[in-house]
Amino acid sequence: MDDSTTDDTGRGNDRPRLGVAESLLATIPLIAFLVAAYLTVTGRTLRLVWSWVPSLQVEASFQLDGLSLLFCLLISGIGVMIFVYAPGYFRGHRDRWRLYTWLLLFMAAMLGLVTADNVIMLFVCWELTSLTSYLLIGFKHESEKARAAALQALLITGAGGLCLLAGLLLLSRIAESQELSTILGAADALKQSPLITPAIILILLGAFTKSAQFPFHFWLPNAMEAPTPVSAYLHSATMVKAGVYLVARLSPALTGVPLWDNLIVAAGGVTAVVGGAYAVRQYDLKRILAFSTISALGCLMLLLGLGTKLAIEGAMLFLLSHALYKATLFLVAGAVDLGTGTRDIRRLYGLFASYPLLAAAAILAACSKSGLPPFGGFLAKEVVYEATTTLSGWATWATTIVALLANACFVAVGGLAAVHPFFGKPGEPSVVPHESPPGSSQLPAGGAARLLGWRLVFPPVVLGLLGIVLGVLPSVTALYFISPAMSAVMGQDIGVKLSLWHGFNLPLLLSVLTVAAGVGIYVQRRRFVAWVDAGGILRYAAEGGPQAAYRGSLALLKFTATWQTRILQNGRLRLYLITVLASFAGLVIAAFLYRVEYTQFGKLLNLRLYELVFPVLILAALAMAVTSTSRLAAVCALGVIGFALAMLFVLFGAPDLAMTQLAIETLTVILFVFVIYRLPRFATLSSRGVRIRDAVVSLAVGGMMTVIVLAATSAHAPSRVSQFFVDNSLAIAKGRNMVNVILVDFRGVDTLGEITVIAVAALGIFSLMRLRLEPSQVPAEAAADRTETTLAANGEDASSPSEQAAPDKPSATGRGE
Amino acid sequence: MNLLELFTDLLGNTESSLRLFLPELILCGTILVLLALRIFSGLDKIPSWIVALAGSGLALYYAAPWVLLEGTVKSQEIFTGMLLYDGVTVFFRGLLLFFAILFILLTRVTELVQSEDDADIATLVLGATLGMCLMASANHLLMIFMAVEMASVPSYVMAGMLKSRRRSSEAALKYSVYGAGTAGVMLYGISLIAGVVGSCHLPTIAASLADPSLASQLPTMPLVLGGLMLAVGLAFKLSAVPFHFWCPDVFEGAPAEVGGFLSVASKAAAMALLVRVAVGFAAPAGGGVDVASSEPIVAPVVATAAFASQVEGAVTLTAADTAAEPDGLLGSVRYFIVVLIALVSAITCTFGNLAAYGQTNIKRLLAYSTIAHAGYMMMPVAAAIHILGEAAAGYSAAAGDAVASVLLYTAIYLFMNLGAFAIVAILRNNVGSEEIRDYAGLVQTSPGLVICFALILFSLIGLPPLAGFVGKYAIFYALVEGNLISLLIVGGLNTAVSLFFYLRVIKVMTIDPPPEDRGPVSLSLISLPGIYVTLITAPVLLLIIQWDGLVRMAQAACRALVQ
């Protein structure tokens, strides 16, 4: 049992002695706790500001008000217990220091999150908690399930976090400040802005994913793969409450916006019922607690969404008592797991004899959870019922029923998680027979359980006792915790009076009803489960649906990714070119469809007969090139096209251009012929469909080029250059051949430069030839240059007719070389 | 004017320009020295990487990006308006030269090349860097074309560095075919624009288009087409969809180091060029620019320039109703620039992230990640122009800050991607593979390296508190300021998708069991590659503590852009 001697003897390899540092880990959260406690008791609010990035108006600012302090106390206080517990739990584990580091990092991030005043600071801490949660869930990385769960949690909360960032940025844009305190002050501006709808949706996506609200809740039960101290800390007491914190923090500004209120109430209500009912259905101790945590988070959201004074009061009380009892139950579950090697409640019973102190802690927590007086849970539940019953209209019915259902389930969960393992008998609670685990015949009897060190027992006992303290001293609870937090949430100073005894009234009646219903559910568990499963709707909502949607979207993503990679990025240059050309043609055609100008094209038909000869020749050669089965013939046909083009240039008064074209065309044909001999035999490899596709693309691209040329030639550009040459060639340069004059006179310096370039290139080629490289070693550069030359030259040739008067850049000749 | 005047003019202009052109000149000189060293038998013992390092170090000293913090950079045109010297120039020049230094060191650390090719890679890197510096400062359409080609041709050769590997040669071929094709299209576009407007000087074109009396006479269709074609050239350099096909194939075929070079330097220069073309055209050059040139066309233009025409924006010139606006065509031109960049960036980003999801080769994955990041980086440019369009009178400083977020992101991206590719190269040397599955269980033998890689990948996702978050925050902030909520949502969703594939790499390295046939791969951080990786990763981890300086630098660089 929990005698401290086993701890200190530390015998054997599996139970090594704790290092000094390890045993003193808890002092770090303790210091934080003492600071928070000091601030709470003295009732001071603090604001700390450091300049961080003034150029983007981002400051590292922190504000500690009642709400922040309440969370700080929870985070650091439970943190102390976790850091007492964890060294006992992980004793001798190889990677335990990694875990401690992440836990400490998480705690720091969480403290930063609840105290940050700057939205960017808040977001940074928010994502840090997601990240550390990912690392902590995946701590048992040999387990495939743990990794999948870690990834799922990170994806959902991380994606939600990004939405949150967007939402917060929108808020700060509306309020023109990144400080939460200023944003909250600008409530009117927020409510009138058109951006408030997307902002609210984005922020709530962040809050709902983090706080496991329906339909994003499914990551939380899966996250139970994490080691139990982690689950106790992150996934019940602190991290999952970040969403609740955020909603509470923004309440002063946004409560009253219908979208905000309705979304929160709806999500919270559904989550509360689904989580609660589903918790009862589970057999794994931790999954039971996880679903009941989901339900509790739903209740908190619901209360915050209602937004009345009583509802907020109930929310704050419930937040506090839930953190205490849920952490206790988790720590007990972890200790039991460690002691007996199982968390399956069908195999856990009668452990009271082995672990009396644990049993006491569990019972304390279960009482608080069930809302029995004089525990903190009772206080909370009374106020919650008071809040729901004082609403108006159908809302009061709906919310009261939701609260009643959720609370009854809490009672049953308390029984399952705390009473049964310690006081139950085999076969209880009523188990659906065919789901009985195969190993149930060899249950570890109570006596066979391992001894547990004090570190595993002390923290749950303390936390369980605190639950009573909360209830027994309601005035202290109200003064130090509830009133300051409520003042922060409501945005005005509020004093709260709490007492255990309210007299006989409706809430008390409802409480009695709740307990009775809860006990009923516990006793008739089998019937309740059957009822829950009836029709499968609840099951679908709790597990099947959202999870299937998650998996489905992942599969869709993967399918789309592989599909598009296979279709588009298949490694074939010609298909890439088809895609590029087709999309470019599409763009141009779209531009034309946007505003077509046919008018200018008409006069282009004003042709003389002999001018038609060459186009006809070109078309004939084109047909031959396309249909020919001989490569040589096709190349020759291409050559004919080029020469015919050159003749067109001659006809339209650009003999120099024609010369260039002829030279390049000849060179191209010769090069082609050289290459052809090295190609494999001609064969028809492409199918009919492929050829039709190619034809369509070719026609589209050809059509596009035609359109481009037509558009270019129909343009009446205010030419500034040609008239100058016409006027001045003879007058200044004394030459009648305008092209010559341009080359040697007007652009003489250019020509000189180009000659130099050619000379240098020639030198280079000469030295290359002297090197006598092996044919296989011809550097890629040469090939690259050649390709580029051909393409660039072609591009220029096509553009040249539009500016016949302009000099043909001799660079084409230079490149042709 | 007569020849003498022309020469005097040119001399005076060149003399004043040369001082501002010093870093590029030093690069040119270093390249010449590198080539010369190999000719003379006595000098060829000097290791060329040291020369290259010294050259780029000196160039960086003269490029002096830190003067941005003092706010003493005065915008002025140099070389008769071919280039523009302003904050953006200074910023990107500093960034590119700094990267060149890191890259040369990387090639030494990973022993990319044998000694006889040593000088080649140094020359190519410096040559490409020179071209990229010109891209960042180009102020003239022909200069843009020249700079793009100067940057591209050495890149093609570098992609084919490993001459004996077929994939490397295939990559180089694909890259150059693509590059040549898009360059041809771009040149065609430039000639159309120049033919219609009568100038290649950006402010002059802009002024012509903004001039209400002239704008109505200009034929619109060639302008539209020219604009689209110019955009093709830009999209190729940015590896924007659908002109991105070269990117994964080239990254896979080329050595990882070269992939790093293309993914960082080339991308940075392309972003600079996009900023130049898009923002420079949609915002008046203003009085901030000192015209060093006395060329008669330029001076009056710059003074009046209220202007228009990012390439694609020319589409709007056809809109008949614009003529009535006192602002000329500015409003609708801006609108179309915003729509086009927003569309392309959204598609690019989404496509990149989706495609990265299915990759098994780490270099292909990083290639798609590069494409996706190009998408993110283009978004604030759209935002900046949107802000300019919304600011009714005068020009909001917010537009400059939006552009500054691009600069900030580029700077952070340098460390993230260089780090990623460096680690891939180091692992290639030690594991002998670039398949993700072969990284399984590396954490057991090389924990330091794996932690660095994980940090970099987390940073690429944009998770706080790593540097990637800073960049992403700046971009999202710009989108919010620019009121482009739809782009913001696209960016957010994409970030969520990107979680999947980056995390998968981390998962393989840390969780999967190491394959049995792999020998022990033990890479300590206390080794030359280890120290290099640590130094590159450190800023990724630590930037969050003090990122104000970088932001202020970027903002200072962009201030003159829109004033």
Side-chain angles (χ1 to χ4, degrees), chain A residues 52-56 120 123-124 127-128 131 141 147 151 154-155 158-159 162-163 165-166 169-170 173 198 557-558 560-562 564-565 569 571 573 576 579-580 583-584 587-588 591 594-595 597 708 711-712 714-718 720 780-781 783-784 787-788 791-792 794-796 799 802-803, chain B residues 153 156-157 160 169 172-174 176-177 179-181 183-185 187-188 191-192 195-196 198 217 219 221-222 224-225 228 232 242-243 245 248-249 315 318 354-355 357-358 463-465 469 473-474 476-477 480-481 485 488-489 492 495-497 499-500 503 507 510-511 547-548 551-552 555:
Chain A
W52 193 16
V53 194
S55 43
L56 286 177
I120 300 313
F123 172 76
V124 168
E127 290 292 60
L128 258 181
L131 200 59
H141 53 64
R147 278 148 33 193
L151 185 61
L154 179 62
L155 286 176
L162 284 165
C163 295
L165 175 63
L169 283 177
L170 287 179
R173 177 174 163 77
L557 185 67
K558 185 164 188 177
T560 323
T562 37
Q564 70 85 15
T565 310
Q569 192 81 37
L573 197 53
Y576 295 177
T579 317
V580 169
S583 43
F584 186 56
L587 263 179
V588 171
Y594 182 70
R595 188 159 295 252
E597 296 171 9
I708 290 177
S714 64
H716 298 281
R720 298 169 180 81
E781 191 178 8
T787 330
E788 183 195 28
L791 284 173
N794 284 341
E796 245 180 35
S799 70
S802 63
E803 12 181 310
Chain B
V153 175
Y156 303 151
V157 186
S169 307
L173 182 69
K174 277 180 181 168
S176 51
V177 167
V185 172
L187 198 58
Y188 197 163
S191 69
L192 281 180
V196 171
Q217 298 168 16
M221 233 39 207
V224 175
L225 294 171
L228 278 175
V232 169
F243 301 98
F245 288 107
D249 291 356
V315 172
T318 52
L354 273 182
Y357 188 78
L463 284 182
F469 162 70
Y473 165 69
F476 286 179
Y477 187 74
V480 170
E481 288 290 307
I485 308 301
L488 180 71
I489 290 169
T495 308
V497 171
L499 272 169
F500 288 86
L503 280 182
K507 187 206 104 179
T510 54
I511 289 170
W547 42 302
D548 192 49
V551 176
R552 274 196 297 137
Q555 289 185 347

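Convention: sequence-line order gives letters A, B, ...; per-chain numbering from 1.
Closest heavy-atom contact between A:V124 and B:P465: CG1-CB, 4.4 Å. When all heavy atoms of B:G358 and A:A561 are compared, the closest pair comes out as N-CB, 4.2 Å. When every heavy atom of B:P464 is checked against every heavy atom of A:L131, the shortest pair comes out as O-CD2, 4.2 Å. Smallest separation of non-hydrogen atoms from B:D548 and A:W52: CB-O, 3.5 Å.
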*Passes ring pair (Phe, Tyr, Trp, His ring centres under 6.0 Å), B:Y473 versus A:F123? Steps please.*
CA-CA 10 Å; B:Y473 165 69; A:F123 172 76; 8.5 Å; no
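Using a 4.5 Å cut-off between heavy atoms, B:F469 touches chain A through its side chain atoms alone. For A:L557, the parts lying under 4.5 angstrom from a heavy atom of chain B are both the backbone and the side chain.
Counting heavy-atom pairs closer than 4.5 Å to chain A, the top residue among B:V497, B:L463, B:L354 is B:L354.
Taking CG of A:L165 as the start and CZ of B:F476 as the end, the distance is 7.0 Å to the nearest 0.5 Å. Taking CG from A:L162 and CG from B:L488, the interatomic distance works out to 10.0 Å, rounded to the nearest 0.5 Å.
Considering only heavy atoms from C-beta on, B:F500 stays 4.5 Å or farther from A:L151 through its side chain.
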